[in-house]
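Below, all heavy atoms of this structure are taken into account, side chains as well, without hydrogens, waters or symmetry copies.
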Amino acid sequence: MFEQGLAYILKYLLGEYVEDGNLFQDKIQIGVWSGLVILENLILKKTLFDMLDVPIALKYGFIGRLEVRIPWANLGIDPVSIIIDKIHLLVAPTYEWKPGATDRRLQAVKQAKLTAAELFA
């Protein structure tokens, strides 16, 4: 029961980046009590780089293995580990630079730094 809920949450969180279709359940292995979540053979969405406003387009993207280790016993002390293995990206230049893309990217970096500072302050 808990595993199905966790799988749904992961599908929701990764849905913006990963092509899931109806096969998401087949690609996930969950050991909730051991703190190990493994996702294998994930195909990345071609719109992955669109949110970055960079002049490249993703033609094909693949993650062989995404592993999340959650130390339940020492959650506040030990870090949560995310291990990504076998990333394959096939990209191509778009030759179209959107006006204001650099400014938006710099603003997003500044916002991310502020958010990180607020989290750790």
Side-chain angles (χ1 to χ4, degrees):
M1 179 71 175
F2 186 71
E3 287 87 357
Q4 290 176 345
L6 185 59
Y8 176 78
I9 291 170
L10 284 172
K11 183 177 178 180
Y12 175 76
L13 293 174
L14 295 174
E16 189 174 346
Y17 313 106
V18 175
E19 297 283 348
D20 57 354
N22 296 325
L23 301 175
F24 192 79
Q25 298 291 343
D26 298 337
K27 297 179 181 187
I28 189 168
Q29 299 172 20
I30 301 175
V32 176
W33 305 118
S34 66
L36 185 62
V37 177
I38 299 173
L39 295 149
E40 293 182 325
N41 304 324
L42 300 173
I43 297 174
L44 300 173
K45 287 188 175 180
K46 293 185 179 180
T47 58
L48 185 66
F49 289 129
D50 292 348
M51 66 184 82
L52 299 175
D53 276 337
V54 292
I56 57 175
L58 180 66
K59 297 297 180 182
Y60 179 76
F62 173 82
I63 297 177
R65 182 178 174 105
L66 175 70
E67 186 174 313
V68 181
R69 295 181 185 184
I70 305 167
W72 292 118
N74 299 322
L75 192 55
I77 300 166
D78 292 339
V80 174
S81 300
I82 300 173
I83 301 166
I84 302 173
D85 189 27
K86 296 181 184 174
I87 298 177
H88 301 276
L89 299 175
L90 177 62
V91 296
T94 59
Y95 300 108
E96 295 177 16
W97 191 254
K98 299 174 185 163
T102 304
D103 295 334
R104 284 192 302 274
R105 195 169 41 258
L106 289 174
Q107 185 63 29
V109 168
K110 289 178 185 177
Q111 188 64 38
K113 286 180 181 179
L114 284 173
T115 303
E118 288 173 359
L119 285 174
F120 297 112

**Q** Are Ile70 and Ile77 in one and the same hydrophobic cluster, where Ile, Leu, Val, Met, Phe, Trp and Tyr link if side-chain heavy atoms are under 4.5 Å apart?
**A**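 Hydrophobic grouping puts Ile70 apart from Ile77.
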**Q** Can you tell me how far apart NZ (Lys86) and CG (Asn41) are? Round to the nearest 0.5 Å.
**A**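 It comes to 9.0 Å.
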**Q** Same cluster or not: are Ile43 and Phe49 linked, directly or through other Ile, Leu, Val, Met, Phe, Trp or Tyr residues, by side-chain heavy atoms under 4.5 angstrom apart?
**A**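 The answer is no; the residues belong to distinct hydrophobic clusters.
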**Q** Is it the case that one hydrophobic cluster holds both Leu39 and Val80, taking links as side-chain heavy atoms less than 4.5 Å apart, direct or via other members?
**A**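 Same cluster: Leu39 reaches Val80 through Ile, Leu, Val, Met, Phe, Trp or Tyr contacts under 4.5 Å.
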**Q** Quick one: does Leu66's side chain get under 4.5 Å of Ile82's, heavy atoms only?
**A**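 When only atoms from C-beta onward are counted, Ile82 and Leu66 do touch, with a gap below 4.5 Å.
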**Q** With sequence neighbours excluded, what pairs up with Lys45 under the side-chain contact (heavy atoms from CB on, under 4.5 Å) test?
**A**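 Checked Lys45 against side-chain contact (heavy atoms from CB on, under 4.5 Å); matches are Glu19, Thr47.
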**Q** What pairs with Asp103 under side-chain hydrogen bond (donor to acceptor under 3.5 Å, both in side chains), at least two apart in sequence or on another chain?
**A**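 side-chain hydrogen bond (donor to acceptor under 3.5 Å, both in side chains) list for Asp103, sorted by chain: empty.
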**Q** Kindly compute the distance separating CG (Asp85) from CD1 (Ile38), expressed to the nearest 0.5 Å.
**A**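 It is 11.0 Å, given to the nearest 0.5 Å.
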**Q** Residues in side-chain contact (heavy atoms from CB on, under 4.5 Å) with Val109, at least two apart?
**A**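 Once residues adjacent in sequence are excluded, the partners of Val109 under the side-chain contact (heavy atoms from CB on, under 4.5 Å) criterion are Lys113.
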**Q** If you look only at distance, which donor and acceptor atoms sit under 3.5 Å apart when one is on a side chain in residues 58-65 and the other is two or more places apart or in another chain?
**A**
residue, atom, partner, partner atom, Å
Arg65, NE, Glu67, OE1, 3.2
Arg65, NH1, Glu40, OE2, 2.9
Arg65, NH2, Glu67, OE1, 3.1

**Q** Could you list the residues that satisfy side-chain hydrogen bond (donor to acceptor under 3.5 Å, both in side chains) with Asp78, not counting sequence neighbours?
**A**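 Listed in chain order: Asn74.
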**Q** Taking atom CG of Leu44 and atom CG of Leu89, what is their separation to the nearest 0.5 Å?
**A**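 Answer rounded to 0.5 Å: 6.5 Å.
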